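Note sheet for the following structure.
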Protein chains: 2
Amino acid sequence: MTGDADDGAEDDAEDDAEDELHTAVGTRLEQAEGRYTRQRRALVDVLVGARQPLTVEEIHALAPGVPQSSLYRNLAVLEETGVVHRFTGHGDFARFELAEELTGHHHHFVCSNCGAMTDVELPGAVESRLEDALAELSRREGFTIAEHRLDIVGLCRSCA
Amino acid sequence: MTGDADDGAEDDAEDDAEDELHTAVGTRLEQAEGRYTRQRRALVDVLVGARQPLTVEEIHALAPGVPQSSLYRNLAVLEETGVVHRFTGHGDFARFELAEELTGHHHHFVCSNCGAMTDVELPGAVESRLEDALAELSRREGFTIAEHRLDIVGLCRSCA
DNA sequence: CTTCCTGCAAAAGTTTTGCATTAAC
DNA sequence: GTTAATGCAAAACTTTTGCAGGAAG
């Protein structure tokens, strides 16, 4: 398992990051008087591994033995706790991803053919110019800005 | 424009624009072998008047006497025809707006408290810089970009 | 031991569809 | 007159909830 240097080092780093994440999630659940159960841990692991927003169906496939009702309930708890973000993607299925506070700010490629979503980051300069413009706009319109979400819609490599 | 800054001139200009819109919609429906019926015309009028994405419930209130099933069916037809755009906003209700091809490119303020959405346009310079960056990103990732959608989430004036 | 979580099944909510009738072309 | 659109009611769909049993702290 510790075989080749590059992958080994990357894996170690990822493991550390994942440990930190679990600690952070655990803390949040405690503050909300909730328990970080095996199922909830499993859900977080699934979302970490995915690196893209997942549907309930996809999560269900990746979290064997967890009934749908528990899935929905735990995802609701994790959402209230600020651990996961829930939104409805293209196709009217709810999708879930880890909150940006835990993973960092990013946007999404959305394939309009197969519906797949993948995470993507904008170049820093573009992102901050955009944020400046949004702040200015919001101020002018009397809107109190909290965050922004950008979907890039088109065809993924496989569907092109 | 004709230079007059009074309301009458504005209304005339708006009426003209709406006529053009109806003609464009009619053409699209013909090409799809569909009919531009009274109900469909009424739906388009409602969406034009709203200047923001509406839920089925809201449309239902603004289009008296149209049964929900007809609403859904006609909105589906108009979506297939490329006249309206359907998406799911915050709160898991479907929302509908006229296609950007008919109204022009814009984004949305989304109030996370009351769920209201309002249309907003970015300054041209920011918009084109963003588009350049997205094009570059998409090229690099092998993604064929068709459009982008930006939601500015926060609190509207009334909820702040 | 007390509180929260789990799992099943049944309910609630929005959206879609079957079928007889009506309107558009 | 032919074909598509309409309206009602019933179905299908994702998502939520009640309740008895089990696990966590």
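Order of the sequence lines sets the chain letters (A, B, ...), proteins ahead of strands, with each chain counted from 1. On a predicted model such as this, the values are computed, not experimentally measured, just so you know.
- At a threshold of 4.5 Å between side-chain heavy atoms, the hydrophobic network of Ile, Leu, Val, Met, Phe, Trp and Tyr places Ile152(B) and Leu155(B) in two separate groups.
- We find that CG of Leu29(B) is positioned 16 Å from C1' of dA23(C), with the value rounded to whole Å.
- We find that CZ of Phe93(B) is positioned 13 Å from P of dT15(D), with the value rounded to whole Å.
- Atom-to-atom, CZ of Arg35(A) to P of dT2(C) comes out at 14 Å; the value is rounded to the nearest Å.
- The aromatic rings of Phe87(A) and His108(A) lie parallel to each other, with less than 30° between the two planes, well short of the 60° mark.
- At dA24(C), none of the side-chain N or O atoms of Arg40(B) fall inside 4.0 Å of OP1 or OP2 (strictly under the cut-off).
- Backbone-only engagement by Ala94(B) is indicated by non-hydrogen atom pairs under 4.0 Å involving sugar-phosphate atoms exclusively.
- Atom CD of Glu33(A) and atom P of dA24(D) are 19 Å apart (whole Å).
- Counting non-hydrogen atoms under 4.0 angstrom, Thr37(A) reaches the backbone sugars and phosphates but no base.
- Between Arg95(A) and Glu97(A) there is no salt bridge, since no side-chain nitrogen of the basic residue lies less than 4.0 Å from a carboxylate oxygen of the acidic one.
- Using a 4.0 Å heavy-atom distance criterion, Gln68(B) is classed as a base contact.
- Following rounding to the nearest Å, Arg38(A) (CZ) and dA24(D) (C1') show an atom-to-atom distance of 10 Å.
- Relative orientation of the His148(B) and His105(B) rings is perpendicular, given thresholds of 30° and 60° on the angle between their planes.
- Atom pair Asn74(A):CG and dT15(D):C1' shows a separation of 15 Å (rounding to whole Å applied).
- The distance from atom NE2 of His60(A) to atom C1' of dG7(C) is 11 Å, rounded to the nearest whole Å.
- If you check every strand for non-hydrogen atoms under 4.0 Å, Arg73(A) touches a base.
- In this structure, Glu80(B) places its CD atom 10 Å from P of dT16(C), rounding to the nearest Å.
- For the pair Gly34(B) and Val56(B), nearest-nucleotide mapping onto DNA chain C gives the more 5' position to Val56(B).
- Listed pair Tyr72(A) / dT15(D) meets the phosphate criterion, a side-chain N or O lying under 4.0 Å from OP1 or OP2.
- One finds no side-chain N or O of Ser69(A) lying less than 4.0 angstrom from the OP1 or OP2 phosphate oxygen of dC8(C).
- Linking Ile, Leu, Val, Met, Phe, Trp and Tyr residues whenever their side-chain heavy atoms come within less than 4.5 Å leaves Leu62(A) and Met117(A) in two separate clusters.
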